[in-house]
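Since the structure is predicted, the reported quantities are computational estimates derived from the model, not experimental observations. No hydrogens, no waters, no symmetry mates; every other heavy atom, side chains included, goes into these values.
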Amino acid sequence: MTLRLTDEENERLAELAEAEGRSKQEIVRLALAERWAKLHKQEQLDEVLSRVLPRYRSLLDRLGSA
């Protein structure tokens, strides 16, 4: 796979890699893993809320109007 970055993006990646003592490749892989985990957590949260919110809708409505 080829990753095309602007000069500025490449500079930022190099600075980040140096600051963390990692390779640029490792920084990109970690960023991908973090973004994937964030997406997955959001999907899980959405699923839980779609099941839980209807159950407590009347209570939430009463609390909201209090």
Do the side chains of [X] and [Y] join up, straight or via other hydrophobic residues, at under 4.5 Å, putting them in one cluster?
X     : Y     : result
Leu16 : Leu30 : no
Tyr56 : Val48 : yes
Leu59 : Val52 : yes
Leu45 : Leu39 : no

>> To check you understand the geometry: which heavy-atom pair defines the closest contact between Leu49 and Pro54, and what is its length?
In response: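 The answer is O-CD, 3.9 Å.
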> Looking at residues at least two apart in the chain, or sitting in another chain, which of them share a side-chain contact (heavy atoms from CB on, under 4.5 Å) with Arg12?
Replying inline: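 Checked Arg12 against side-chain contact (heavy atoms from CB on, under 4.5 Å); matches are Glu8.
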> Which distance, rounded to the nearest 0.5 Å, do you find between the CD of Gln42 and the NE2 of His40?
Replying inline: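 Atom-to-atom, Gln42:CD and His40:NE2 are 12.0 Å apart.
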> Say you draw a straight line from CE of Met1 to CG of Leu3; how long is it, rounded to the nearest 0.5 Å?
Replying inline: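 Answer for the CE-CG pair, Met1 versus Leu3, is 5.5 Å.
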>> Quick check on side-chain contact (heavy atoms from CB on, under 4.5 Å): which of Gln25, Glu20, Lys24 does Arg22 satisfy it with?
In response: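 It is Glu20, the one option of Gln25, Glu20, Lys24 that forms the side-chain contact (heavy atoms from CB on, under 4.5 Å) with Arg22.
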> Is the backbone N or O of Glu15 less than 3.5 Å from a side-chain atom of Glu18, with the two atoms forming a donor-acceptor pair by type?
Replying inline: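 Side chain of Glu18 to backbone of Glu15: no pair is present.
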> Are more than 12 heavy atoms from other residues, nucleotides or ligands located less than 6.0 Å from atom CG of Asp46?
Replying inline: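 Enclosed.
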